[in-house]
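Notes follow the structure.
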There are 2 protein chains.
Amino acid sequence: MARTSEPESPPAPAIRQSSAAAHGSSSPTIYDVARAAGVAASTVSRAFSRPGRVNAATAERIRQIAADMGYRTNPMARALLTGKTSMIALLISDITNPYYFEIIRGAQAAAAEAGFTMLLADAQESDRLERQALDRAIPTVEGIVLTSTRMSDSAIRMAAKQRPTVVLNRALADIPSVATDHRYGMFQAVDHLSALGHDHFTYLAGPQAAWADGIRWTSLREVAEQRGFRVHRIGPYAPTVEGGVAAVEDFRQRPTSAVIAYNDLVALGFLRGMAAVGARVPADVSVIGFDNIFGTDLVTPGLTTVAAPLRTLGLTAVRNLLALIDGAHATAREPVMLPSKLVIRQSTARRSRRRTAPEWATVKTSASWRGN
Amino acid sequence: MARTSEPESPPAPAIRQSSAAAHGSSSPTIYDVARAAGVAASTVSRAFSRPGRVNAATAERIRQIAADMGYRTNPMARALLTGKTSMIALLISDITNPYYFEIIRGAQAAAAEAGFTMLLADAQESDRLERQALDRAIPTVEGIVLTSTRMSDSAIRMAAKQRPTVVLNRALADIPSVATDHRYGMFQAVDHLSALGHDHFTYLAGPQAAWADGIRWTSLREVAEQRGFRVHRIGPYAPTVEGGVAAVEDFRQRPTSAVIAYNDLVALGFLRGMAAVGARVPADVSVIGFDNIFGTDLVTPGLTTVAAPLRTLGLTAVRNLLALIDGAHATAREPVMLPSKLVIRQSTARRSRRRTAPEWATVKTSASWRGN
DNA sequence: ATGAAAGCGCTAACAA
DNA sequence: TTGTTAGCGCTTTCAT
């Protein structure tokens with residue numbers, strides 16, 4: 001019955017064998033270390049999990065011996081008992097979107113600095129895959145970050161009931177969340193454009209389902225009303241380069257001197273589509289995007305954009321999650337709002353006082369253009 | 001002693017309590033299901049882990065009851081005994097490099113389709129962080145994919161000894177690896193350029209340590225020798241946009257009509273730097289990159305590039321890894337080489353037969369230019 | 001400060 | 001086909 005198998009006790013357990021058959025030979029356990037150190041297994045355990053509860057000298061000796069034997073505590077065994085896996089999950093709606101790169105890095109860095117490991121699941125823009133990934137991750141992780149999730153509020157709350165959860169890019173009552181301050185961002189965009197003489201804006205809308213799209217459009221209307229600007233919205237378009245290209249056709253029918261795109265991907269596509277029809281940016285029209293993703297400074301003209309604090313977003317989400325896991329009972333009910341920052345490049349310029357509609361406009365005598 | 005605690009046995013275990021104190025109430029175990037179904041725990045276990053070994057009818061009944069109770073098998077308990085965690089680790093040297101986006105997605109998709117979960121670790125270009133992440137991941141995962149690792153061959157072999165390992169973007173004897181066929185890619189690049197009349201190439205070198213850089217340069221020299229072209233190499237440059245910008249200064253001192261960059265990031269930076277000094281691409285010089293990352297089709301001129309099969313790379317690496325985990329004893333000793341594909345855009349054009357060195361050249365009577 | 005022993009949830013012999 | 005039982009490696013009372 002004694003676990004410390006004395007040499008004289010004859011029948012060795014049968015299962016031991018199989019574990020050694022795995023890749024590489026089986027690694028030493030606390031029992032091996034205990035035997036070598038001449039102490040009980042529990043002492044070894046304590047030496048690692050709660051130093052201070054054991055004599056400093058013996059603790060040191062145990063550590064030494066353990067190191068020599070190449071002992072490493074088995075995370076599975078620990079987790080089975082305590083539930084502490086030191087893992088968190090990051091769910092992303094679409095990994096290929098450059099928007100997430102820096103977020104992922106920030107999240108990873110925050111996890112690593114706390115000794116946590118990060119599980120990454122890509123929902124591939126599918127609701128089904130997202131929930132499946134979530135289900136799969138829940139039992140193994142201590143916490144979850146949901147990024148731009150497509151799940152319903154109730155599904156999110158369901159998840160949050162099972163594990164500490166932080167939501168990125170969405171505000172949700174009672175669920176800790178962190179997001180960019182899109183309203184402030186829109187104000188920055190409009191301020192910039194209006195300083196350049198623009199007073200009529202076209203908004204290239206993103207997907208209806210996107211939380212950020214709602215806020216951006218609402219904020220745009222709010223500023224417009226405040227300052228007496230005119231705005232209109234076309235779309236929705238897919239939040240991709242292709243979506244932006246597609247927007248050009250609609251825009252030509254009712255051009256304005258300034259365009260605010262749902263995000264950089266759309267703005268980039270729009271820039272490209274406009275060039276294809278012979279429109280000049282920023283001479284004919286100024287274009288501004290959101291996020292400041294990779295590539296916005298490489299295109300011609302460079303895209304003026306409202307930069308989201310990408311890395312900080314990931315960092316903050318994970319740090320907050322870790323605090324939650326540590327038992328910090330979500331203090332702030334409000335989402336943590338991180339400020340954006342305007343990055344001015346070459347796609348925006350002073351409004352030209354042209355009298356006629358541009359050649360590329362589909363409607364030659366555009367009322368909106370004249371009215372502008 | 002009996003695990004199925006009969007109501008009459010008085011002292012309930014003390015520890016049970018704590019697990020219920022966690023987030024949400026403790027979930028049902030096989031014992032709970034067994035009791036509800038009136039069978040032994042092992043039968044429940046079998047019903048899940050090896051259906052067929054149990055009466056179809058009872059199996060179905062058990063499943064039903066389990067589902068009703070919301071039973072989910074605890075991966076930690078299973079793993080503790082069997083070592084099967086259904087997790088793999090993907091180590092990446094630098095997540096922010098757009099090169100990896102599609103690779104990650106491919107890897108993720110392959111893992112998900114096999115019911116595996118993927119752990120993502122970003123080495124942040126640091127050898128130390130990479131090994132640390134590896135150490136942390138090894139005990140929990142069943143296999144590892146090392147992408148563009150900075151670790152030494154011996155460190156890689158060390159890892160491979162502990163867990164099935166597949167290396168991406170590096171050839172290593174005895175370790176399964178998958179990579180793009182860079183040699184073939186370089187031939188495609190040179191073929192394209194030579195068809196446009198170019199016969200003298202400047203290679204913008206990447207980091208010495210980069211495996212791909214060695215192959216690309218060697219292959220370039222090989223083709224050049226075969227066909228009687230002239231080549232020279234400048235650098236090394238950081239494999240980033242900044243690196244490409246930096247290359248311009250050197251290039252101006254000894255310009256050629258065609259430039260082959262280590263990768264797209266460098267090519268993109270070069271394009272931008274050249275524009276800044278007033279050089280025209282492709283009129284003055286043709287530029288070609290490698291990989292076909294995000295953004296190469298958005299810049300002006302669009303970058304001609306040798307496209308790597310990014311998603312397939314990730315997919316293949318993980319599929320091979322899973323096969324390895326399943327016991328497939330690495331058949332092919334050779335790395336799996338995936339073919340690249342030339343994507344022709346606007347940064348390459350027919351060589352102009354100019355007699356004088358271009359204005360932006362630092363050396364006005366460039367021997368190399370004349371010789372061209 | 002340390003040791004003994006029970007038990008986390010599951011799987012695998014072995015027996016029936 | 002099903003049940004009994006031991007044990008994976010670790011943590012945690014409870015004694016000492």
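Within every chain, numbering begins at 1; the chains are lettered A, B, ... in the order of the sequence lines, protein sequences first and strands thereafter. Quick caveat: nothing in here was measured; it's all calculated off a predicted structure.
- Contact of B:Y31 with C:dC10 (side chain to base): a donor-acceptor pair of N or O atoms is detected under 3.5 Å.
- For B:V54, whose side chain is taken as the heavy atoms from C-beta onward, the closest listed nucleotide among C:dC10, D:dT2, D:dT4 is D:dT2.
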Would you be so kind as to tabulate the donor-acceptor pairs closer than 3.5 Å made by side chains of residues 150-158 of chain B, with sequence neighbours excluded?
residue: B:S152; atom: OG; partner: B:S154; partner atom: OG; Å: 3.2
residue: B:S152; atom: OG; partner: B:A155; partner atom: N; Å: 3.1
residue: B:D153; atom: OD1; partner: B:R170; partner atom: NH2; Å: 2.7
residue: B:R157; atom: NH1; partner: B:A173; partner atom: O; Å: 2.8

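- Per the geometry, CZ belonging to A:R35 stands 16 Å off C1' belonging to D:dC10, to the nearest Å.
- Residue B:D32 contributes atom CG, which lies 9 Å from atom P of C:dC10 at whole-angstrom precision.
- A:I30 has its CD1 atom 13 Å from the C1' atom of C:dA6, to the nearest Å.
- Of the candidates C:dT2, D:dT2, C:dC10, D:dT2 carries the atom nearest the B:T58 side chain, counting heavy atoms from C-beta on.
- Closest approach of B:E142 and B:P164 over heavy atoms only: O-CD, 3.3 Å.
- Atom CG in B:L81 sits roughly 9 Å away from atom P in D:dG9 (whole-Å rounding).
- Using a 4.0 Å heavy-atom criterion, one finds that B:F48 contacts no nucleic acid atom at all.
- For A:R46, taking side-chain heavy atoms from C-beta onward, the closest of the listed nucleotides D:dT13, C:dT11, C:dC8 is D:dT13.
- At whole-Å resolution of the value, CZ in B:R72 and P in C:dC10 are 12 Å apart.
- D:dC10 atom C1' lies 12 Å from atom CZ of A:R50, rounded to whole Å.
- Considering only side-chain atoms of A:V39, the nucleotide from C:dG3, C:dC8, D:dG3 that sits closest is C:dG3.
- Taking each heavy atom of A:T29 and A:Y71 in turn, the nearest pair found is C-CE1, 3.7 Å.
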Practice task
Given side-chain contact (heavy atoms from CB on, under 4.5 Å), test B:D127 with B:R131 step by step and report yes or no.
Solution key: CA-CA 6 Å; B:D127 189 8; B:R131 306 186 59 135; 3.7 Å; yes

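- Rounded to whole Å, atom P of D:dT1 lies 9 Å from atom CZ of B:R53.
- Of all nucleotides listed (C:dC10, D:dT2, D:dC10), C:dC10 comes nearest to the side chain of B:N74.
- Here B:T82 lies in heavy-atom contact (under 4.0 Å) with sugar-phosphate atoms only.
- The listed nucleotides are C:dA12, D:dT1, D:dC10; the one nearest the side chain of A:T73 is D:dC10.
- When each of B:L80 and B:G52 is assigned the nucleotide of DNA chain D with its nearest heavy atom, B:G52 is the one assigned upstream, toward the 5' end.
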Exercise for the section: Show your working on side-chain contact (heavy atoms from CB on, under 4.5 Å) between A:Y31 and A:V44 and close with a plain yes or no. Expected result: CA-CA 8 Å; A:Y31 288 95; A:V44 177; over 6 Å; no

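- Residue B:K84 contributes atom NZ, which lies 18 Å from atom P of D:dC8 at whole-angstrom precision.
- The listed nucleotides are C:dA4, C:dT2, C:dT11; the one nearest the side chain of A:S42 is C:dA4.
- Each of D:dT2, D:dT12, C:dT11 was ranked by its minimum atom distance to the side chain of B:S45; first place goes to C:dT11.
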